Amino acid sequence: MLTASEYARVFERPQRASDRWFTLLWRANGRGKSRLGLAISKKNCRRAVDRNLIKRMVRESFRRHRGRLPAVDVVVLTRRGIDVADRTIIRESLQRHWQRLSLLNVEPAGE
RNA sequence: GGAGUCGGCCGGAUGAUCGCUGCCACGGUUCCACCAUGGCGGAGGAAAGUCCGGGCUCCACAGGACAGGAUGCCAGGUAACGCCUGGGGGGCGCGAGCCCACGGAAAGUGCCACAGAAAACAGACCGCCCGACCACUCUGCCGGCGGUUCAUCCGGUGGUCUCAUCCACCGGUCGAAGCCGGCGAGUGGUCGGGUAAGGGUGAAAAGGUGCGGUAAGAGCGCACCGCGUCGCUGGUAACAGCGGCGGCAGGGUAAACCCCAUCCGGAGCAAGACCAAAUAGGGGGACGCUGGCGCGAGCCUGAGGUGUGGUCCGCACUGUCCCCGGGUAGGUCGCUCGAGGCGUCCGGCGACGGGCGUCCCAGAUGAAUGAUCAUCCCCGACAGAACCCGGCUUACAGGCCGGCUCCCACU
RNA sequence: GCGGGUGUAGUUCAAUGGUAGAACAGGAGCUUCCCAAGCUUCUAACGUGGGUUCGAUUCCCAUCACCCGCU
């Protein structure tokens, strides 16, 4: 996702799912493919190195699961404690999120 | 071999596949955008903290002064600095070496708790010394009175045999106790003076040590050191050395106010420049409209139009078109060739400067480095560019190189 | 990117450069048949590291943590 207005459209009327590490907000976009947005707050993750690392991991994981996802705009938010979590745990958490998202029936993007 | 100190450097490596991103080339459609293929790149020594200094951009500005802030031994380096280099001075360390906001307290103001006699301006609590007086004590000295016994000594006379010796007597000398007077010493007290050596308090109380000197003392005198001042010499200078003179000024604190010298305009790439939808509003022009008022700009009124509604009534809204400028969303530039890196030569103790050669080495903008696999090792710390650069500071697994110092052992 | 503020007992706050204090909380005791309240008493702190000073919570520098503002 590229612009502030696209993010705002998701935050306006999102569907959501969360676990200990991440909160995912999504909304159908009617474009025929899924798009990713990141919101890694400085409050939950103080060091720039950790924020960049999490963004890389989310991007890579999204890239590998993208083919099975419905046509939604999804925004990934972090929760507190993410900066001290183990990498493999974060990776598994992301995989569960994508699998769950791919099984959902997403209603078309009605305004 | 051990301990230490200073300086420099590295910050996992290699390969394969799938991805992300910038530029270039050639294509896919004609340009842009986008896509494909190929090539070349793609986080740090601190990218960090934002503590200083500059470049760049915009705003302001004749010059000066005040206010405010910063800096503060000297010289140099630099675009500049609160940085660096070299030197001086002080402190610490056996040493290599390390540390220092290191101008001014005879311009003024403030503060210095407790203790102490006294904390800033010269004084004096104890003590020491001198003098006077009073009281007491005492051995000592002098003079007078007194004068016993013994011994000594001197002189005389006599005896024994001249002398010597011995004996006796006389005189003198000496002389105990006691009394009187004077002197002296000591102790205590009062008063008057002289001292700042010593004691004690403190972080700090009118230089230090020694000798002389003195009633006791004192730079009172002298020597050395310290201080001040003058001169000479060395040094660009800070400063150092030597010599003369002065016996000696006068507490500390300026990271308390302050004084002196030097420097500083303000903001920051979200600076700034440009392009520019939709909606509302501003300016200008043209056109259109029932009636009324007005010379006119215009005002009032309705009609007309749009929406609601099956239709009428009703209700709500309302000139149309074109141009201009500001400007929001959004976008483009600024944006990386630079006080640049590497190599080499020259100048300089050095920081650094100069010449030549060579290289182009991140430029994102919801913000790029990841995933999987293989091999190796010491199994990988602190940590992610956001306009750029020079410093400082802070964080950091492990490792490499070099200089120097101290100790131990052996040769 | 720029700028400001605050760190003191377990908590909330004070304090001219000269012994760090108050309230609440906690412990012990008294009081009560017991509890509460009350009374007495005790414990406990200057974020960290340097420097200036005789002496620093206070002054200066650095650093760490937290909070806030502008764009």
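Protein chains get the first letters and strands the later ones, always in sequence-line order, with residue 1 at the start of each. Predicted, not measured: the structure shown is a model, and the values here were computed from it.
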Distance between P atoms of B/rC345 and B/rU37 (Å, rounded):
49 Å
Starting from the 5' end of RNA chain B, give me the residue, A/Ala39 or A/Val49, whose nearest nucleotide shows up first.
A/Ala39
Could you state the CG-P distance from A/Asp50 to B/rA48, rounded to the nearest angstrom?
16 Å
Does A/Arg66 reach a base, just sugar-phosphate, or nothing at all? Heavy atoms under 4.0 Å.
nothing
Rounded to whole angstrom, note down the C1' distance from B/rG1 over to B/rC52.
47 Å
Give the C-alpha distance, both sets of side-chain angles, the deciding distance and a yes or no for side chain to side chain donor-acceptor pair (under 3.5 Å) between A/Thr78 and A/Trp21.
CA-CA 6 Å; A/Thr78 54; A/Trp21 312 113; over 6 Å; no
Taking a pair to mean Watson-Crick or G-U wobble geometry with both distances below 3.5 Å, B/rG221 pairs with B/rC211
B/rG77, syn or anti by chi within 90 degrees of zero
anti
Minimum-distance nucleotide to A/Asn52 side chain [options: B/rA385, B/rA368, B/rG366]:
B/rA368
Contact under 4.0 Å: A/Arg56 side-chain N or O vs B/rU369 OP1/OP2
yes
Note: A/Arg35-A/Asp73 ion pair, threshold 4.0 Å (strictly below)
yes
Identify which nucleotide among B/rA383, B/rA368, B/rG19 has an atom closest to any side-chain atom of A/Arg63, counting heavy atoms from C-beta outward.
B/rG19
May I ask which nucleotide in the shown strands pairs with B/rA62, Watson-Crick or G-U wobble, both distances under 3.5 Å?
none
Taking atom P in both B/rG348 and B/rC360, compute the distance separating them and give it to the nearest angstrom.
35 Å
Chi-angle category of B/rA43 [syn within 90° of 0, anti beyond]
syn
Take atom CE of A/Met57 and atom P of B/rG19, then tell me their distance rounded to the nearest Å.
20 Å
For A/Arg51 and B/rG366, give me the distance from atom CZ to atom C1', rounded to whole Å.
13 Å
Heavy atoms only: give me the nearest A/Pro70-A/Ser34 pair and the separation to one decimal.
O-CB, 3.3 Å
Please measure how far the P atom in B/rC34 lies from the corresponding atom in B/rC24, and state the result in whole Å.
13 Å
A/Ile54 atom CD1 is separated from B/rU369 atom P, nearest whole Å, by 14 Å
Test side chain to side chain contact (heavy atoms under 4.5 Å, CB included) on A/Leu38 and A/Arg59; report intermediate values, then the result.
CA-CA 9 Å; A/Leu38 293 167; A/Arg59 284 201 195 94; 3.8 Å; yes
Just so I know, are the side chains of A/Val74 and A/Phe62 near enough to count as touching, which here means a heavy-atom distance under 4.5 Å?
yes
Could you let me know what B/rA267 is paired to, Watson-Crick or G-U wobble, both distances under 3.5 Å, or none if it's on its own?
B/rU57
Donor-acceptor check, side chain of A/Asp19 to backbone of A/Phe22, threshold 3.5 angstrom: yes or no?
yes
Would you say the side-chain atoms of A/Ser102 pair up with the backbone N or O of A/Gln99, donor to acceptor, closer than 3.5 Å?
yes
B/rU85 pairs with, by Watson-Crick or G-U criteria that keep both distances under 3.5 Å
B/rA75
Identify whether the glycosidic angle of B/rC361 places it syn (within 90° of 0) or anti.
syn
Calculate the interatomic distance between A/Phe62 atom CZ and B/rG370 atom P; express it in whole Å.
20 Å
Please measure how far the C1' atom in C/rA9 lies from the corresponding atom in C/rG38, and state the result in whole Å.
25 Å
Watson-Crick or G-U counterpart of B/rC404, or none if no pair lies under 3.5 Å:
B/rG4
P spacing across the pair B/rC51 / B/rU393, given as an integer number of angstrom
16 Å
To the nearest Å, give me how far apart CD (A/Glu60) and C1' (B/rU21) are.
15 Å
In whole angstrom, what separates A/Leu94's CG from B/rG370's P?
17 Å
Quick one: which of B/rG366, B/rA385, B/rG19 gets closest to the side chain of A/Ala48?
B/rA385
Is A/Lys55 close enough to B/rA368 that one of its side-chain N or O atoms is under 4.0 Å from OP1 or OP2 there?
yes
Side chain of A/Arg47: nearest nucleotide among B/rA367, B/rA383, B/rU372?
B/rA383
Could you measure between the two P atoms, the one in B/rU201 and the one in B/rA115, and give it in whole Å?
14 Å
Euclidean distance for C1', B/rG193 against B/rG226 (whole angstrom):
35 Å
Watson-Crick or G-U wobble mate for C/rA65, both contacts under 3.5 Å
C/rU6
Side-chain contact, heavy-atom cut-off 4.5 Å: A/Arg27 with A/Val75?
no
Please give, in whole Å, the distance from B/rC373 P to A/Arg64 CZ?
10 Å
Find the partner of B/rA255: check Watson-Crick (N1-N3 plus N6-O4 or O6-N4) and G-U wobble (N1-O2, O6-N3) distances, both under 3.5 Å, and reply none if neither fits.
none
Nucleotide paired to C/rC34 in any strand shown, Watson-Crick or G-U, under 3.5 Å
none
